[in-house]
Amino acid sequence: MRVQISGGRVIDPANDIDGRLNLFIADGKVVACGHAPDGFDADINIDATNRIVCPGLVDLRAHLREPGQEHKATIESECRAAAHGGITTLCCPPTTTPAVDTPAVASLIIRRAETAGLARVVPLGAMTRGLDGKHLSEMAALRVAGCTGVSNDFRSIDNPLILSRAMEYAATFDLTVFINAQNPHLANNGTVHAGAVSSRLGLAGIPAAAETVAVAACLALVEQIGVRTHFSLLSTTRAAQMIARAQHDGLPVTADVSAHHLHLTENDVLDFDSQCHVMPPLRTLRDRDGLRQWLARDTIAAICSDHQPHEADAKLAPFGETATGITALETLLPLSLRLVDDGVLTINEMIASLTLRPARILGVEAGDLAPGRRADVCVFDPEHYWVLSRDRLVSRGHNTPFLDWELKGRVTHTLLGGVPVFEYKP
Amino acid sequence: MDKRNIQLDDNGQLRHFLTIEGLKRQLLVDILDAAESFTSVTEQTVKKVPLLRGKTIVNLFFESSTRTRTTFELAAKRLSADVLNININASATTKGETLLDTQRNLEAMQCDMFVVRHAVSGAAHFIARHAAPHVSVINAGDGSHAHPTQAMLDMFTIRHHKGEFHKLRVAIVGDILHSRVARSQIHALSTLGVEEIRVIGPKTLIPVEAHTLGVHVHHDLRTGLRDIDVIITLRLQHERMSGAFLPSEHEYFQLYGLTEARLELAKPDAIIMHPGPINRGVEIESAVADGPRSVILNQVAHGTAVRMAIMAKAMQRLPNLSARELH
């Protein structure tokens, strides 16, 4: 199939391209950007006038719920939501049931996504068997099955000796270690940031130190072991500062932040709004602004969705008893565009933090529109205003605090390997 | 989500009583005034007024309680309402029924008001948010969040003994961190405009950034009690006493226990309050609890009248209130 995307502003940070150019795609790959190759005859012509054409987005953290929690969502349902959001590569954490601790589970996830054909899914492997924090998983086999990184998610590895061995073992097979930095003893079953709001509402708090203590411990091990380490979902300014220092010292560490941590704060919880019950918790305004600054300085390289679809009942209980997380694939791009309007990032930086940079962290071929590369493409109208409503959501989960927000930026076309998988019809 | 004050109806009238926070001073004063008029009811031979006749009130207690539930029950009966007591510890939730299902089942029985106590902060808000349009919710204590009726009866007691609020310095001593009573008292005292609110306790029992609640934090009881008009000492839960929050009962009493000697630091006419039940010899010595400045038993006595006022107000039966109706 040959596709021509005409008249759009192509922004491709991987190749320093930003201009009104035509993009030509054949047999699933980009063949040219600018002039048409000789004899190019498009089967599909996409008019991208007044739109931005960029690599398909790469989301470093999306829970797809399959296998094990299909009552919340399935790989197919969430890959469809991803396509609506312009996302073509999804990295899912190993917290499925069973956990991604065997090649069989990893292959199952990858195959299901291939069958659905709506987005590419790269699972993270479990660092420890069943995420038990005690026994190393068969990481070499997970690598062969398609995992590029391993993680123990929020099930922290309590014993630093086991964590350091897991890091060493991962480094042996060139796997990136993904860390959700939260010390479980300091978090102590808390549900919100330990601060003015937790004090006011009488909710158990998670101090900022739960994150910084875990980051500090990890950085000390990374310094010793040298394993490539990615800190997922930073929530505090202080942790970002520590990572900036480590990067300055030459440690191989990267970090991401969720889109909602760049927009919401602890104050959004003030009415016991369970839609704002997330992990790590929403922190102070100062933290939110600090995370924005460290994102602008590249210390935090990527913005992820931390997509967590839930059935309605999961949020229908008093705040502390509700499930954590937000359904977020379809708001990732508009919320990131809002950072451009807020003067935090340029549009080129914003696109880099959703494409090239997360692709590099994940170690996959994506986020790059050079000729010969896989044609994962997102076309969006940056000036299209729309209001997020329940019936617009494609994800199985409708749990989002952004309902009724006026969002700017609408994906109009998504191509996966040169094949259109989504087209916006007003 | 709807961010309007969930406690008020479209006309700005009280509908649910969930927390003192966000309520206007005049509303609190109205409740105190109404409670004043109800105290005469409780002293009559026929201790009833017909304000809530025909209404059904459900005491929905997910956490055990004797005193609070009893005063609510008494208050409802004196307002001529029908009362249903439901203790859920041993009931539906252990069978896997959700809070929402329990609530909907009861609503289907045409109840008009829920008085809710629950171990989780925000539970009363949750029930109010999902209540049918004709139903009012009164928070009888949710987790560490709020216990607004207890705070109102404490305000009633303070006003009874001290008159005006604006010149008072009030100290709350003890486990502020886990106390829903303290949180509600702080909001009530600041809404009613006291001169100063202090909280006194070790750092492990003071909420983080407590100053944002509008209080001064003291760790030394001696400086904390200086020039104080009202001392509220909180019950220390047994599970906090050994281990992570405090080393021992003994050391706590040494540092924060209210004794006759320490009362010398407060104003000579200072009153001592305690939301009960008391741990004698832990947070307060008997000589103080039973002494002339203690108003602890008055607090209990006022509980019914104050809760009558709050229930009548939330059912919007107070604006029509006249002396004749009361007698």
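Throughout, a chain's letter reflects where its sequence line sits, starting with A, and its residues are numbered from 1. No hydrogens, no waters, no symmetry mates; every other heavy atom, side chains included, goes into these values.
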key: Neighbour count >12 (heavy atoms, 6.0 Å) for atom CZ, A/Arg392   = yes
query = CG of B/Asp220: more than 12 outside heavy atoms within 6.0 angstrom?
reply = yes
ask   = What is the distance from atom OG1 of A/Thr284 to atom CD of B/Glu209, rounded to the nearest 0.5 Å?
value = 8.0 Å
ask   = Looking at side-chain heavy atoms only, is the closest gap between A/Arg200 and B/His145 below 4.5 Å?
value = no
task = Can you spot which of B/Ile127, B/Asp142, B/Val120 makes a side-chain contact (heavy atoms from CB on, under 4.5 Å) with A/Pro318?
result = B/Val120
ask   = Looking at A/Ala317, A/Ala194, A/Gly205, which has the largest count of heavy-atom pairs under 4.5 Å with chain B?
value = A/Ala317
message = Using 0.5 Å steps for rounding, measure from the CG atom of A/Leu203 to the OG atom of B/Ser121.
response = 5.0 Å
query = Does NE2 belonging to B/His216 count more than 12 external heavy atoms closer than 6.0 Å?
reply = no
query = Is the backbone of A/Ser199 close enough, under 3.5 Å, to the side chain of B/Arg183 for a donor and an acceptor to pair up by distance?
reply = yes
task = Tell me, for B/His211 versus chain A, whether the close heavy atoms (under 4.5 Å) come from the side chain, the backbone, both or neither.
result = neither
Contact origin within B/Leu213 toward chain A - heavy atom pairs under 4.5 Å = both
inquiry  = Any heavy-atom pair between the side chains of A/Pro207 and B/Val208 that's under 4.5 Å?
reply    = no
query = How many angstroms lie between CD1 in B/Ile6 and CZ in A/Phe272, if you round to the nearest 0.5 Å?
reply = 10.5 Å
key: Side chain to side chain, B/Phe126 and A/Leu316, heavy atoms closer than 4.5 Å   = yes
